[in-house]
Amino acid sequence: MGYSYLLFGFAILCILPQSTFCITRHYTFNIVKHNVTRLCSTKSIVSVNGRFPGPRIIAREGDRVIVKVINQVSNNISIHWHGIRQLANGWADGPAYVTQCPIQFNKSYTYNFTIIGQRGTLFWHAHISWLRATVYGPIVILPRRNESYPFEKPHKQIPIMFGEWWNVDTEAVINQALQTGGGPNVSDAYTINGLPGPLYNCSSKDTFKLKVKPGKTYMLRLINAALNDEMFFSIANHTLTIVDTDAIYTKPFNTNVVFITPGQTTNVLLKTKPHYPNATFLMAAQPYFSGLGTFDNSTVAGILEYELPLHSSPTNKTKIKLFKPTLPNMTSTSFVANFTKNFRSLANTRFPANVPQNVDKRFLFTIGLGSNPCPKNMTCQGPNGTKFSASVNNISFVLPMTALLQSHYFGQSNGIYTTDFPATPLNPFNYTGSPQPNNTFVTNATKLVVLPFNSSVEVVLQDTSILGAENHPLHLHGHNFFVVGEGFGNFDPNNDPTNFNLKDPIERNTVGVPAGGWIAFRFFADNPGVWFMHCHFEVHTSWGLRMAWIVLDGSLPSQKLPPPPSDLPKC
């Protein structure tokens with residue numbers, strides 16, 4: 001997949017108050033079906049503009065982006081701009097039945113948002129059922145004009161998107177799993193920029209190649225768009241420098257291997273070798289797996305290729321070597337723990353870390369798997385003949401048939417949602433040890449948490465060992481948060497907070513909760529609206545590992561949720 005900063009669409013120069021220049025960038029996303037062949041198998045996929053992966057959104061910090069989405073397929077669709085803050089702009093966030101009803105066949109909706117205080121890489125994806133398997137693309141956010149990076153300016157910038165490929169229709173995969181109550185069929189391959197690469201059958205021609213020049217610095221914009229798998233990534237014989245994650249600059253650190261969960265983005269600098277190395281280098285990614293059951297244990301590879309020096313050509317006498325990277329064991333929880341602890345915010349005058357030092361609202365949320373009873377006269381394939389489920393504080397979140405944000409805005413919550421989501425587990429137990437509860441049944445409900453505007457919030461996410469401990473990538477919409485602490489075992493409210501990092505913790509929108517452990521984060525509830533929080537494993541979201549926050553309006557006009565757009569889809 002080539003890369004340039006050419007916009008498809010058009011741009012309009014606009015002038016904001018205080019003579020701040022910005023650009024309004026217009027895009028059109030036609031949701032269509034087209035045939036794609038991978039692994040010698042052809043299927044019809046849902047895509048944007050017939051492209052897989054989808055087109056790049058490119059903007060500068062401060063720019064306004066307007067995307068008209070026209071649905072030309074029978075599937076309902078909605079698009080989420082993953083990581084964009086959407087300040088007082090929840091109508092543009094995108095999760096179906098949370099901030100909007102989905103866009104139906106032959107209908108359209110225009111997403112209109114401004115990028116505020118973010119620079120780096122994010123991505124967009126479908127946010128309904130499993131359609132994001134093929135409906136996704138990068139969001140490249142450049143610094144404001146005349147502003148520099150806090151690191152060496154790269155020679156070129158290239159998005160590297162990790163995905164998952166099924167030879168069959170992914171909607172059929174999840175529908176079957178929800179019907180039988182069992183785990184869904186795993187993917188057939190992983191992809192880099194939509195291509196599985198030479199380690200899979202029939203796929204040598206479908207290999208991503210990155211051509212580089214010696215002695216240059218390249219920025220790779222890594223995006224994990226896989227549905228259900230966290231990934232290790234490495235380039236043979238090359239060191240990567242991490243400089244940005246989730247569109248937030250970080251204190252730089254070097255690594256040979258990057259760990260990245262679904263929903264996370266990581267910008268890395270790649271310094272090429274000073275001279276032509278007479279070799280090519282595999283770049284490879286494979287999963288980190290911490291749960292029970294089956295998973296796709298294959299490896300996707302691309303090729304890093306050096307351009308030949310001028311006035312030279314390869315000869316048969318010169319055999320070009322191929323180097324392969326060494327990746328961690330697929331179950332290496334220790335590598336993941338050590339890697340994630342390296343992330344720190346810059347926390348300087350230019351890029352401060354505004355960590356809440358005091359807390360108004362505290363929450364302890366258990367997250368993990370559970371079960372639902374098997375309906376009468378049916379055989380189920382979940383644990384002990386039940387149906388798999390997943391929950392937060394044992395509440396498996398049920399999406400309503402209308403949009404939560406509209407219900408909240410118009411004060412019509414009756415029969416749609418309640419605001420009694422438990423702040424702590426109703427029945428505490430030894431979350432990561434034994435014995436585990438005999439009863440694994442969850443409560444199915446649409447319960448929300450209400451937060452006063454600008455309240456400071458601390459959330460501890462506690463993994464449980466019910467049906468197996470597992471690393472869960474949790475994504476919060478509408479806000480960034482600071483990861484102030486993490487550990488294994490059960491969170492200790494008396495001792496663990498004394499080790500919290502309140503000086504330079506990493507700021508993110510998606511964080512991996514350690515398998516058999518906990519994570520603590522803080523944020524200011526400074527964005528009025530209804531905001532989804534869910535596991536970014538699509539299977540766990542489908543099973544109910546999701547919930548939503550209501551952030552109330554503030555007192556100033558800019559702190560209030562505006563009325564819905566006139567073209568907001570109807571359910």
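Counting begins at 1 with the first residue of the sequence.
His475 and Asn509 get closest at one heavy-atom pair: ND1-O, 2.9 Å. Of all the heavy atoms in Pro514 and Gly487, the pair that sits closest is CG-O, 4.1 Å. Closest approach of Ala423 and Asn393 over heavy atoms only: C-ND2, 3.9 Å. Closest approach of Leu474 and Phe481 over heavy atoms only: O-CZ, 4.4 Å. Closest approach of Trp91 to Pro562, counting heavy atoms only: NE1-O, 2.8 Å. Nearest heavy atom pair, residue Ile84 against residue Gln118, reads CA-OE1, 3.7 Å.
In this structure, Tyr288 OH and Thr261 OG1 are separated by 11.5 Å, a value rounded to the nearest 0.5 Å. Once rounded to the nearest 0.5 Å, the distance linking CE of Met161 with OG1 of Thr265 reads 10.0 Å. Distance CD1/Ile57 to CD1/Ile79: 10.0 Å, rounded to 0.5 Å.
Contact annotation: the side chain of Arg60 never approaches that of Arg144 to less than 4.5 Å [non-hydrogen atoms, C-beta and beyond]. The closest side-chain heavy-atom distance from Tyr27 to Val65 is below 4.5 Å. Using a 4.5 Å cut-off on side-chain heavy atoms (C-beta onward), Glu486 and Val511 make no contact. Residues Ile395 and Met547 are not in side-chain contact: their nearest non-hydrogen atoms beyond the backbone lie 4.5 Å or more apart. Phe151 has its side chain out of reach of Pro252: every pair of non-hydrogen atoms, C-beta onward, lies at least 4.5 Å apart. Put simply, the side chain of Pro328 reaches to within 4.5 Å of the side chain of Val257, judged on heavy atoms. A heavy-atom distance below 4.5 Å is not found between the side chains of Val268 and Ile160. Looking at Tyr149 and Arg119, their side chains never come closer than 4.5 Å, going by heavy atoms from C-beta outward.
Classified by interplanar angle (parallel below 30°, tilted 30° to 60°, perpendicular above 60°), the ring pair Phe123/His125 is tilted. Ring-plane geometry between Phe523 and Trp549 is classed as perpendicular, the angle between the planes exceeding 60 degrees on a 0 to 90 degree scale with a lower cut at 30. The aromatic rings of His82 and His536 stand perpendicular to each other, their planes meeting at an angle above 60°, with 30° marking the opposite boundary. Between Phe259 and Phe232, the ring-plane angle classifies as tilted under the 30° and 60° cut-offs. Ring geometry for Phe365 versus Phe363: interplanar angle of 30 to 60°, hence tilted.
Residues that satisfy the side chain to side chain donor-acceptor pair (under 3.5 Å) test with Ser345, not counting sequence neighbours, are absent from this structure.
When each of Val258, Asn224, Leu327 is paired with Met231, the side chain to side chain contact (heavy atoms under 4.5 Å, CB included) condition holds for Asn224 and for no other. The side chain to side chain contact (heavy atoms under 4.5 Å, CB included) with Phe397 is formed by just one residue from the set Val392, Leu448, Leu545, Asn444; it is Leu448. In summary, of the residues considered (Phe29, Phe113, Tyr136), a ring-ring contact (aromatic ring centres under 6.0 Å, His included) with Trp124 occurs for Phe29 alone.
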With side-chain contact (heavy atoms from CB on, under 4.5 Å) as the test, would you mind laying out the steps for His408 and Tyr417 before giving the verdict? CA-CA 9 Å; His408 162 65; Tyr417 68 85; 3.6 Å; yes
Under the ring pair (Phe, Tyr, Trp, His ring centres under 6.0 Å) rule, what do His534 and His477 come out as? Steps first, then yes or no, please. CA-CA 9 Å; His534 60 95; His477 288 230; 5.2 Å; yes
How far apart are the C-alpha atoms of Phe482 and Phe500, what are their side-chain angles, what is the distance that settles it, and do they pass the ring pair (Phe, Tyr, Trp, His ring centres under 6.0 Å) test? CA-CA 11 Å; Phe482 293 95; Phe500 281 180; over 10 Å; no
Would Ile550 and Thr419 count as a side-chain contact (heavy atoms from CB on, under 4.5 Å) here? Give the steps. CA-CA 9 Å; Ile550 295 175; Thr419 55; 4.2 Å; yes
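Counting non-hydrogen atoms of neighbouring residues, nucleotides and ligands closer than 6.0 angstrom, the NZ atom of Lys361 reaches no more than 12 such neighbours.
For Arg350 and Tyr249, the positive end is not near the middle of the six-membered ring at less than 6.0 Å and at most 45° from its axis.
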